[in-house]
Enquirer: 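Take a look at this one; I'll ask things after.
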There are 2 protein chains.
Amino acid sequence: MQETTALSELKSAFILHFGEMGSRWGINRTVGQIYALLFLSEEPLCADDIVTTLGFSRSNVSMGLKELQGWNLVTLSHRPGDRRDFYATPEDLWAIVRTLATERRKREIDPTLSKLRTLSMAPPSAEDAYAHQRITEARDLIEDMTQFHDELDQLETERLVALLKAGRKLQYFVQGASRVLPLPIRKKG
Amino acid sequence: MQETTALSELKSAFILHFGEMGSRWGINRTVGQIYALLFLSEEPLCADDIVTTLGFSRSNVSMGLKELQGWNLVTLSHRPGDRRDFYATPEDLWAIVRTLATERRKREIDPTLSKLRTLSMAPPSAEDAYAHQRITEARDLIEDMTQFHDELDQLETERLVALLKAGRKLQYFVQGASRVLPLPIRKKG
DNA sequence: GTTTTGTTTCAGAAATTCCTGAAAGTCGTG
DNA sequence: CACGACTTTCAGGAATTTCTGAAACAAAAC
């Protein structure tokens, strides 16, 4: 086992924060804290390391790790002659961001897109004219956004970061590419 | 009041779906359904319209509307000689997306960024070397992402959509602009 | 086949969140 | 300031989610 000593100030502050934020992120406190602990660990940890360090029940940790695996947010490893599973987070933070984006989309967007597609298929009655139009607009917008995500997700991290850093400057390239007329830059609200 | 008749199939399917998705979106079922109803309504609705249509208690609707106002997701309007508040969603779907992005960031990202800044300020002890480095990396990444969001948020909707539609093509412009060496395009996983 | 070491399931206790009806609050008008 | 029309607050019951310990399960070593 790794962590038998008490956590440092720094680590426990970070872990407690992630636990509290967990609820806003759709995961629970336990899972948030487990992820935070793994994130800060240089070495992979096994379930009992987490039990010892965070003081949750063994089964709670087991469930939490299972949920993190469901999110593809942890990697498993093993040691020779040791049957235990050791858990870690990806070294590359961008890999974590990509996974989060993909998994959140899977849970939060895709089911709605599918429902909107179904609903916009059926021809609307007269009383539903406006509602049908709204639903169709929403479907179109979400389709554009998910396609954009698909396309960005195919980029190398280097290129993705380069795009990110370019930020607002990107608009100039788009103008040339898609013949959008120049527009005044909106003042920050 | 507007809606005294039963909801159409289309509307109730949409509203029920939003209620169910609400939990994944960090809002509760009631709030999700209220928003869905407003979203599909051509005319603004008052609180009692919502009570009548959805069958929630008056106070629950009041709380729900208050929460939606806290998210800046609804607009208020009034009629001459009528003190009631009438609620509607923005006509422009992109305005809704922008608001959602801003508000989610405010709740989900900004508090963490602030915490990470504090934690990365303090000089780390030897045992915290790795943890401190991880925290600093996370802070840098989130700073880059929030700045990107700030910059995109300043763009006109036309330009934002043009960027979106350009998708992966954007990488070519970035290459030229930032002297990133050409890299092979990653195959879709 | 039994022991040893580790993981998972599951029923119910504990904690949290949601929802309601009743009471209190607000505000323009007579 | 009292009325009428509308909105908000709040205590507590209902529903849901989280967490635990005990038991079941799995698989390698003996």
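Treat the numbers as computed from the prediction; the structure is a model and nothing was measured. Quick note on labels: first sequence line is chain A, next is B, and so on, each numbered from 1.
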Enquirer: Without hydrogens or angle criteria, can the side chains of Glu151(A) and Gln147(A) be said to hold a donor-acceptor pair below 3.5 Å?
Expert: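 Yes.
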Enquirer: Nearest nucleotide by nearest heavy atom, which residue falls closer to the 5' end of DNA chain D, Asp85(B) or Val31(A)?
Expert: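 Closest to the 5' end, via its nearest nucleotide, is Asp85(B).
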Enquirer: Roughly how many Å is it from CG in Asp49(A) to C1' in dT7(C), rounded to a whole number?
Expert: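 Roughly 15 Å, once rounded to whole Å.
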Enquirer: Roughly how many Å is it from CD1 in Ile34(A) to C1' in dC19(D), rounded to a whole number?
Expert: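 Answer to the nearest Å: 11 Å.
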Enquirer: Heavy atoms only, 4.0 Å cut-off, all strands: where does Arg58(B) land among base, sugar-phosphate and nothing?
Expert: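 Contact class for Arg58(B): base.
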Enquirer: Ile50(A) has an atom CD1; how far is it from atom C1' of dG6(C), in whole Å?
Expert: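 That distance rounds to 14 Å.
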Enquirer: Name the closest nucleotide to the Lys66(B) side chain, picking from dT7(D), dT9(C), dT8(D).
Expert: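 Nearest to the side-chain atoms of Lys66(B), counting from C-beta on, is dT8(D).
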Enquirer: Pairing donors with acceptors under 3.5 angstrom, does anything connect the side chains of His17(B) and Thr112(A)?
Expert: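 Their side chains do contain a donor-acceptor pair, which is all the 3.5 Å distance test asks for.
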Enquirer: Expressed as a whole number of angstroms, how long is the span from Phe56(B):CZ to dT17(C):P?
Expert: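 So the CZ-P distance, Phe56(B) to dT17(C), works out to 20 Å.
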Enquirer: Do Arg98(A) and Asp92(A) make a side-chain contact, defined as non-hydrogen atoms from C-beta onward lying under 4.5 Å apart?
Expert: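 The answer is no; the side chains never approach within 4.5 Å.
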Enquirer: Nearest to the Arg29(B) side chain among dT7(C), dC19(C), dT9(C), which nucleotide is it?
Expert: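 Nucleotide nearest to Arg29(B)'s side chain: dC19(C).
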Enquirer: Round to the nearest Å and state the distance from Leu76(A) atom CG to dG6(C) atom P.
Expert: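 Leu76(A) atom CG is separated from dG6(C) atom P by 15 Å.
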Enquirer: Between dC6(D) atom P and Leu65(B) atom CG, what is the distance in whole Å?
Expert: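 Distance, rounded to whole Å: 15 Å.
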Enquirer: Side-chain contact test, heavy atoms from C-beta onward, threshold under 4.5 Å: evaluate it for Ile15(A) versus Leu54(A) and give yes or no.
Expert: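 They are in side-chain contact.
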Enquirer: Rounding to a whole Å, what distance do you find between Met63(B):CE and dC18(C):P?
Expert: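 For the pair Met63(B) CE and dC18(C) P, the rounded distance is 11 Å.
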Enquirer: Quick one: label Asn60(B) by what it contacts on the DNA or RNA (base, sugar-phosphate, nothing), any heavy atom closer than 4.0 Å.
Expert: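 Base contact.
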Enquirer: Can you tell me how far C1' of dT16(D) sits from CG of Asn28(B), to the nearest Å?
Expert: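 Taking CG of Asn28(B) and C1' of dT16(D), I get 12 Å after rounding.
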Enquirer: With hydrogens left out and only the distance checked, is there a donor-acceptor pair under 3.5 Å joining Ser59(B)'s side chain and the base of dG21(C)?
Expert: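 Check passes, donor-acceptor contact within cut-off.
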Enquirer: Taking the side chain of Ser62(A) as heavy atoms from C-beta outward, which of dG6(C), dC19(D), dT9(C) is closest to it?
Expert: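 For the Ser62(A) side chain, the nearest candidate turns out to be dT9(C).
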Enquirer: Any donor-acceptor pair under 3.5 Å linking the side-chain atoms of Thr99(B) with those of Asn72(B)?
Expert: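 No - no donor-acceptor pair under 3.5 Å links their side chains.
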